[in-house]
Protein chains: 2
Amino acid sequence: MSTIKDIAKSVGLSVTTVSRALNDHYDVSEKTKQKIKQAAKELNYSPNSIARSLVMKKTRTIGLLVSELFREGVKDNFTFEVLSGINKCAGQLDYDLVLFSTNSAKQKVKTYTQLCKERRVDGVIISGIKTNDPYLKEIATSDIPCVLIDIPIKSDTVGFVTTDNVLGAKEAVRHLIGLGHTYIAFINGHEFAHVSKKRLEGYNEALEEANIPIQKEWILDGSFSDEVAEQKAAVLLKHYPEITAVFCASDLMALGVIRAANKLNIKVPEDLSIVGYDDIILASYVTPSLTTISQDKYQMGYQAAELLISMLENNTDPHQRLLNTKLIIRESTKLNTKIKS
Amino acid sequence: MSTIKDIAKSVGLSVTTVSRALNDHYDVSEKTKQKIKQAAKELNYSPNSIARSLVMKKTRTIGLLVSELFREGVKDNFTFEVLSGINKCAGQLDYDLVLFSTNSAKQKVKTYTQLCKERRVDGVIISGIKTNDPYLKEIATSDIPCVLIDIPIKSDTVGFVTTDNVLGAKEAVRHLIGLGHTYIAFINGHEFAHVSKKRLEGYNEALEEANIPIQKEWILDGSFSDEVAEQKAAVLLKHYPEITAVFCASDLMALGVIRAANKLNIKVPEDLSIVGYDDIILASYVTPSLTTISQDKYQMGYQAAELLISMLENNTDPHQRLLNTKLIIRESTKLNTKIKS
DNA sequence: ATGAAAGCGCTAACAG
DNA sequence: CTGTTAGCGCTTTCAT
């Protein structure tokens with residue numbers, strides 16, 4: 001590997017000049033610039049980003065911190081789509097992306113700050129962690145620039161990107177109400193997800209504005225898991241046969257509910273309408289295909305990266321980005337045929 | 001940020017000793033070690049991996065090079081699963097993972113070697129590139145340690161992990177033959193995929209061993225895309241109604257073929273048996289669920305990382321790993337009811 | 001068992 | 001426009 005020193009030697013100039021020429025500084029004559037660049041090419045030079053980072057104290061690298069459930073995320077490839085978006089944006093702005101995977105064992109040994117400082121990332125994007133994650137407190141107070149996905153914390157150094165989950169949920173439920181449903185259950189995620197809180201609000205508000213009483217027993221947590229949702233729904237549907245529609249806080253859970261319905265011989269969508277959330281790939285391929293609230297996960301990633309980098313480069317935009325969701329109507333919802341008593 | 005210098009000052013020792021103590025060298029007394037580590041904690045020290053990398057000429061970082069089709073990979077999250085596996089293994093062995101995304105524009109500016117040298121990764125894993133990719137020649141000759149996924153190139157510095165695609169395809173076709181099918185078409189990927197070549201071999205061999213003549217017109221490329229496969233299959237099935245089974249080189253394409261069949265009013269599996277390849281998530285969720293050849297994509301990633309790191313650490317294992325595939329029988333294949341004339 | 005000194009490859013005052 | 005000098009934070013001979 002050749003270094004600027006080699007180039008300097010070969011052209012008979014100082015390393016300073018070489019460095020400046022290679023970085024296209026204005027204060028090097030065009031002629032020497034050419035000569036130096038030529039020599040660099042001949043020597044097959046490529047810059048040592050490590051050395052540069054050391055002196056500049058910038059690595060042009062952003063870290064992506066995802067919780068260990070990474071692998072489980074395979075079913076709904078939410079994380080993957082977010083990652084694609086981040087990767088795209090980072091690439092365009094010439095940043096590198098490094099993946100951190102932590103698990104609770106590691107978290108005990110190394111604090112969030114240590115992790116980041118050690119890796120020398122300029123900033124971090126955090127996705128898929130629960131609101132009770134021990135890292136979260138640290139994040140909020142640390143001085144490492146950071147963008148959270150779907151957790152609304154804002155400070156000088158932390159920002160977030162999310163979607164309007166209240167509205168999203170509201171539209172889902174409104175859709176069901178519009179189809180004549182009034183007995184609408186809700187399978188939510190869990191208490192440590194900010195989106196779950198918001199989607200619950202949306203559900204409640206939609207019912208209220210239609211003067212439909214809220215049945216607490218019809219609101220259950222499914223942990224964002226299809227299995228759990230299936231179990232919960234099985235009990236629920238057996239117990240309350242009057243329910244004609246279920247809103248789920250994720251598509252995966254909606255699939256679980258469909259399975260539960262099938263086993264109980266309840267037909268979807270004839271006897272039971274179901275709307276999911278996320279619009280994962282499966283949603284459109286499954287039978288019946290899923291009516292759902294679509295989130296642009298790729299865009300969330302892209303925006304997160306863009307926001308983070310803008311923060312790194314001292315732009316003073318507000319540290320938050322809000323994306324839209326969209327109701328996608330497919331086969332799993334249908335006009336309510338049971339007359340309301 | 002505190003440095004070893006600060007620690008040295010605070011305990012009144014030299015930086016050398018501090019460095020050695022922190023790295024648990026044998027030639028530092030237990031007592032001073034303790035003192036130094038204590039001071040490190042108090043000063044909230046965390047090592048600067050950049051500085052260390054600079055002097056050690058090792059970054060403990062591996063790069064993952066994926067082609068631009070990254071985003072398209074969202075449907076079959078093949079890449080994501082591989083990535084999860086790599087990430088897991090890298091994490092366990094305490095390596096960092098950085099993502100490179102290239103596209104043809106960037107490739108023109110920077111050669112593969114430049115890309116890697118600049119990023120200072122110790123080694124690279126490459127997945128999802130075509131055999132005609134310009135980088136490939138460079139890779140084969142470069143001295144950067146590298147592991148390829150599904151491209152069998154081997155040298156001092158390059159290794160690969162793949163599955164037995166001949167056998168996989170053979171088992172798929174044997175399964176169909178076992179069900180009484182003899183008119184079996186094959187939708188392959190494309191000519192620039194090594195796996196496609198191998199799967200074709202497997203298809204041919206399976207037919208040969210059953211004394212079934214090979215029909216060249218029934219072998220088509222679907223580019224690993226569901227749309228292309230759908231089109232191709234539509235024409236094929238209309239033209240040759242005698243076909244009772246189709247083997248596809250990917251599940252995604254199998255889904256395309258099912259769609260084509262549906263549109264032609266050909267029932268799957270009653271009138272047409274279909275077997276896919278990969279066992280992506282969709283395969284088990286779709287109706288009818290897909291009989292397929294399962295590849296453990298997570299494992300491929302894991303093994304690739306493990307192999308690469310073993311190469312980096314000068315282990316002399318053979319630079320290749322071969323994984324098994326498994327036939328998964330689901331709903332899309334069925335006994336052939338049409339009697340062979 | 002500890003320290004002094006050199007150097008990894010690069011950038012950035014400062015001086016000319 | 002170019003060169004001198006210093007230093008980023010760390011590891012590693014080589015002495016002591």
Side-chain angles (χ1 to χ4, degrees), chain A residues 1-40 43-61 94 96 113-114 116-122, chain B residues 1-40 43-61 94 96 113-114 116-122:
Chain A
M1 284 306 304
S2 54
T3 70
I4 50 170
K5 218 168 169 178
D6 300 322
I7 301 181
K9 215 171 289 173
S10 107
V11 296
L13 287 166
S14 75
V15 291
T16 318
T17 309
V18 173
S19 169
R20 279 189 295 228
L22 258 19
N23 290 308
D24 264 325
H25 262 244
Y26 61 98
D27 56 357
V28 181
S29 77
E30 217 27 72
K31 220 176 66 189
T32 43
K33 255 188 207 174
Q34 288 313 319
K35 199 165 68 176
I36 287 171
K37 286 185 180 171
Q38 179 58 32
L43 292 172
N44 203 349
Y45 168 78
S46 65
N48 185 330
S49 61
I50 297 289
R52 176 186 277 146
S53 294
L54 183 59
V55 46
M56 307 249 277
K57 294 171 180 315
K58 286 255 174 299
T59 54
R60 277 196 98 78
T61 295
D94 204 29
D96 278 347
T113 324
Q114 278 177 321
C116 299
K117 298 261 187 221
E118 224 168 279
R119 303 317 216 266
R120 299 290 137 164
V121 293
D122 292 345
Chain B
M1 284 304 305
S2 53
T3 72
I4 50 169
K5 218 169 170 178
D6 300 322
I7 301 180
K9 215 172 289 172
S10 107
V11 296
L13 289 166
S14 73
V15 291
T16 316
T17 310
V18 173
S19 168
R20 279 191 295 226
L22 258 20
N23 290 308
D24 264 325
H25 262 245
Y26 61 99
D27 56 357
V28 179
S29 78
E30 215 31 67
K31 221 177 66 189
T32 44
K33 255 189 207 172
Q34 289 313 319
K35 199 165 68 178
I36 287 172
K37 287 185 179 171
Q38 178 59 31
L43 292 172
N44 204 348
Y45 169 78
S46 64
N48 184 330
S49 62
I50 297 288
R52 175 187 278 148
S53 295
L54 182 60
V55 44
M56 306 246 277
K57 295 170 178 315
K58 286 255 175 300
T59 55
R60 278 196 97 78
T61 295
D94 204 28
D96 277 348
T113 324
Q114 278 178 322
C116 298
K117 296 261 188 223
E118 225 168 279
R119 303 312 218 269
R120 298 290 136 165
V121 293
D122 292 344

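Computed from heavy atoms alone, side chains included, the values below leave out hydrogens, waters and symmetry copies.
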Distance below 4.0 Å between Lys58(A) side-chain N/O and dT11(C) OP1 or OP2: no

Separation of atom CG in Asp24(B) from atom C1' in dC10(D), rounded to whole Å: 17 Å

Gln38(B) versus Gln34(B), side-chain donor and acceptor atoms under 3.5 Å: no

Any donor-acceptor N/O pair under 3.5 Å between dG9(D) base and Arg120(A) side chain: no

d(CG, Asp6(A); P, dG9(C)) in whole Å: 8 Å

Nucleotide nearest Ile4(B) (side chain, heavy atoms from C-beta), chosen from dT11(C), dC10(D), dG9(C): dC10(D)

Interatomic distance where CZ belongs to Arg60(A) and P belongs to dT11(C) [whole Å]: 13 Å

Main-chain N/O of Ser49(B) paired to Ser53(B) side chain as donor or acceptor, under 3.5 Å: yes

Spacing of Leu22(A) atom CG relative to dA12(C) atom P, expressed in whole Å: 13 Å

Heavy-atom pair with the smallest gap, counting every atom of Arg20(B) and Asp27(B): CD-OD1, 3.6 Å

Sugar-phosphate, base or nothing in reach of Thr3(B), heavy atoms under 4.0 Å: sugar-phosphate

Considering all heavy atoms, the nearest Ser14(B)-Ala8(B) contact: C-CB, 3.9 Å

dG3(D) phosphate, OP1 or OP2, under 4.0 Å from Ser14(A) side-chain N/O: yes

Residue-level proximity of residues 25-36 of chain B to DNA chain D when a heavy atom falls under 4.0 Å: none

Short side-chain N/O contact from Thr16(A) to OP1 or OP2 of dT2(D), under 4.0 Å: no

Steps toward side-chain contact (heavy atoms from CB on, under 4.5 Å) verdict (Leu54(B), Asn48(A)): CA-CA 9 Å; Leu54(B) 182 60; Asn48(A) 185 330; 4.2 Å; yes

Distance, rounded to the nearest Å, where Lys57(B) contributes NZ and dG9(D) contributes C1': 15 Å

Sugar-phosphate only, base, or nothing, as touched by Ile50(B) at under 4.0 Å among non-hydrogen atoms: nothing

Whole-Å distance separating the CG atom of Leu54(B) from the C1' atom of dC8(D): 9 Å

Minimum-distance pair of heavy atoms, taken over all atoms of Asp24(B) and Lys37(B): OD1-NZ, 3.1 Å

N or O in side chain of Asn48(B) less than 4.0 angstrom from dC8(D) OP1/OP2: no

Which atom of Asp122(B) lies closest to which atom of Arg60(B), heavy atoms considered: OD2-N, 2.8 Å

Candidates Glu118(B), Lys117(B), Arg119(B) - the one meeting side chain to side chain contact (heavy atoms under 4.5 Å, CB included) with Val121(B): Arg119(B)

Along DNA chain C (nearest heavy atom to each residue), the more 5'-positioned of Ser2(A) and Arg20(A): Ser2(A)

Euclidean distance, atom CD of residue Glu118(A) to atom C1' of dG9(D) [Å, nearest integer]: 14 Å

Check: dA12(C) base within 3.5 Å donor-acceptor of Ser19(A) side chain: no

Selection from dA12(C), dT2(C), dT11(D) that lies nearest to any side-chain heavy atom of Met56(A): dA12(C)

Length of the CD1-P vector between Ile7(A) and dG9(C), whole Å: 12 Å

